[in-house]
2 protein chains.
Amino acid sequence: MSELPAVLRACDAVGRVIEFWGFSRHLGRIWTLLYLSPEPLPAAEIQRQLAVSAGAASMHLRELQRWGVVRKVWVPGERKDFYEAETDLWKMVFRVMQERETKLLDETEAALQQSVEQLRSEAAQQASSDPDTAASLEAFRTERLEGLLEFTRLGRMVLGMLVQDGGFDLRAIESLLFGPGLPGSDASAEDR
Amino acid sequence: MSELPAVLRACDAVGRVIEFWGFSRHLGRIWTLLYLSPEPLPAAEIQRQLAVSAGAASMHLRELQRWGVVRKVWVPGERKDFYEAETDLWKMVFRVMQERETKLLDETEAALQQSVEQLRSEAAQQASSDPDTAASLEAFRTERLEGLLEFTRLGRMVLGMLVQDGGFDLRAIESLLFGPGLPGSDASAEDR
DNA sequence: CGTGACCTTCAAAAGATTTTGAATGTTCAC
DNA sequence: GTGAACATTCAAAATCTTTTGAAGGTCACG
């Protein structure tokens, strides 16, 4: 039968998600293979199952460890290294989001902030030739940039909410969505 | 002076964010240029300011329109097309998230679901050779896959929260984060 | 120590993506 | 209608990314 085995299908599914989020597809595939293994696996097994070269396996395993989502473990009596997946999905998402998105937000906010300041000085320089136009253009653009900056703040907030160390509670979101006082919902109808 | 002008700096900053989210950098740059313009701009102006070719400008403007974040507008007495940016940032994020992430979630959930089912039939086939091992492996993997499936549900929830048409309220998140009853926070200590 | 098994590195090749601009459509003012 | 101006397409070229595998390093064991 030429059908893709269940495990590989899952690996590829997660791989696609991970690729979507800007990482290499293989990071997701390798992590998933380990996550679906009751025992830690050696690099050779990963190479074989996922059809990646030795070099690629080595590099990807390193990156997964860097992100703290895969660990190297010792298997007594065995010479080679074995790897196992971090299984706390929240912890993983926390860590990765924290690092990646925070960096992006910081850089973006800084650039936009600088842009606002620069706008002021550029307007001052041009004020001599056409004061009114220059001033109103500056005002317009500053206002719009403030809109973008407001958005970075919002991003920080959503991030903070998700990343809130372990304390994040599904029910909190649920109540936001369908929560108390939602018009048209009968509070006791379903408790699921 | 060789310093990058304020507007282009902002364009690039947004471009980086957009690239991070899996789109072409230029989509963000072009949108931002339009967003920071009091008047609609013709394609030629975009080409000039952002240093992209005619072909690229055309294709990118088309994609931006497809996502509903840029509009073509008529300027009376002018031959060429002019473009303006959608300015409702929420609306944009809604639309894009809705389309992109929903698709990803659907596909992922379907694949994982299929993987679970396949697991069952694979285990049935191997049951003849080593019943106990096969059964416990299946149980283990099914459990883990359920963990992933649970996560897609969570993703849907977060998405639903963000995308909730226009009704999304910052204060709701704020209160979740720093809200009433937060242990260790003095409600009146800082209002920033 | 020497040996063999394993792991890592890295430069070159393959592959994917982006960019270009000339050719081809399309549109509107006249 | 016609023509000039503009927009679009698309295949080739340039660029960026990923993948490979052989060379070299490391390590545990005898």
Side-chain angles (χ1 to χ4, degrees), chain A residues 8 11-12 14-34 39-67 70-85 100, chain B residues 8 11-12 14-34 39-67 70-85 100:
Chain A
L8 289 187
C11 291
D12 288 351
V14 174
R16 250 171 279 130
V17 175
I18 259 44
E19 185 172 33
F20 198 83
W21 283 87
F23 297 93
S24 163
R25 178 167 49 102
H26 293 298
L27 296 182
R29 298 212 313 146
I30 294 174
W31 176 84
T32 308
L33 185 65
L34 295 172
E39 310 297 337
L41 299 179
E45 188 62 16
I46 294 168
Q47 285 168 49
R48 199 181 58 75
Q49 294 223 36
L50 300 182
V52 297
S53 69
S58 173
M59 288 199 308
H60 287 134
L61 281 167
R62 173 130 65 89
E63 185 165 6
L64 286 166
Q65 285 171 282
R66 196 179 80 65
W67 284 106
V70 159
R71 273 186 301 274
K72 206 180 269 195
V73 296
W74 276 109
V75 173
E78 283 280 5
R79 202 89 154 293
K80 52 195 162 199
D81 295 334
F82 285 72
Y83 300 88
E84 70 179 12
R100 276 180 110 226
Chain B
L8 289 187
C11 290
D12 288 351
V14 175
R16 251 172 278 131
V17 174
I18 260 45
E19 185 172 33
F20 198 83
W21 282 86
F23 297 93
S24 163
R25 178 167 48 102
H26 292 298
L27 296 183
R29 297 210 316 145
I30 293 173
W31 176 84
T32 308
L33 184 65
L34 294 172
E39 309 297 337
L41 298 179
E45 188 63 15
I46 293 167
Q47 286 167 48
R48 199 180 60 74
Q49 293 222 36
L50 299 180
V52 297
S53 70
S58 173
M59 288 198 310
H60 287 134
L61 281 167
R62 173 128 66 90
E63 187 166 5
L64 286 166
Q65 284 172 283
R66 197 179 80 66
W67 285 106
V70 158
R71 273 186 301 274
K72 205 180 267 196
V73 298
W74 277 109
V75 173
E78 284 280 5
R79 201 90 152 295
K80 53 196 160 199
D81 295 335
F82 284 73
Y83 300 88
E84 70 179 11
R100 278 180 107 225

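Throughout, protein chains are lettered first and strands after them, A, B, ... in sequence-line order, and every chain is numbered starting at 1.
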I need the [atom1]-[atom2] distance between [X] and [N], as an integer number of Å.
| X | N | atom1 | atom2 | value |
| --- | --- | --- | --- | --- |
| A/Q47 | C/dC6 | CD | P | 11 Å |
| A/L41 | C/dC7 | CG | P | 12 Å |
| A/I30 | D/dT18 | CD1 | P | 14 Å |
| A/H60 | C/dT9 | NE2 | C1' | 14 Å |
| B/L27 | C/dT19 | CG | P | 10 Å |
| B/R79 | C/dT26 | CZ | C1' | 11 Å |
| A/E19 | D/dT18 | CD | P | 9 Å |
| A/E63 | D/dT17 | CD | C1' | 13 Å |

I want to verify a distance call: between [options], whose nearest atom is closest to the [X] side chain?
| X | options | value |
| --- | --- | --- |
| A/K80 | C/dC6, C/dG4, D/dA4 | C/dC6 |
| B/R62 | D/dT8, C/dA29, C/dT8 | D/dT8 |
| A/H26 | D/dT8, C/dT8, D/dT19 | D/dT19 |

Centroid separation B/W21 to A/W21 less than 6.0 Å =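 Ring centres of A/W21 and B/W21 closer than 6.0 Å.
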
query = Does a sphere of radius 6.0 Å around CD in A/E78 hold more than 12 heavy atoms from other residues, nucleotides or ligands, not counting ones at 6.0 Å or beyond?
reply =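 Yes.
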
ask   = Within the pair A/R25 and D/dT19, is there a side-chain N or O less than 4.0 Å away from OP1 or OP2?
value =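 Checking D/dT19 against A/R25, a side-chain N or O does come within under 4.0 Å of OP1 or OP2.
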
ask   = Does D/dC6 have OP1 or OP2 sitting under 4.0 Å from an N or O in the side chain of B/K72?
value =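 False: B/K72 side-chain N/O out of range (4.0 Å or more) of D/dC6 OP1/OP2.
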
task = Between A/E78 and A/M59, just flag the one whose closest nucleotide in DNA chain D comes earlier from the 5' side.
result =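 Nearer the 5' end of the strand: A/M59.
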
request  = Give a yes or no on whether the backbone of A/G28 and the side-chain of A/T32 come within a donor-acceptor separation of less than 3.5 Å.
outcome  =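 Pair found, side chain donor or acceptor close to backbone of A/G28.
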
inquiry  = Do the side chains of A/E45 and A/R48 get close enough for a salt bridge, i.e. N-O under 4.0 angstrom?
reply    =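 Counted as a salt bridge, because a side-chain N and a carboxylate O are separated by less than 4.0 Å.
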
task = Measure from NZ or CZ of B/R100 to the centre of the six-membered ring of B/F23, then state whether that distance is under 6.0 Å and the direction lies within 45° of the axis.
result =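 B/R100 over B/F23 ring: yes.
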
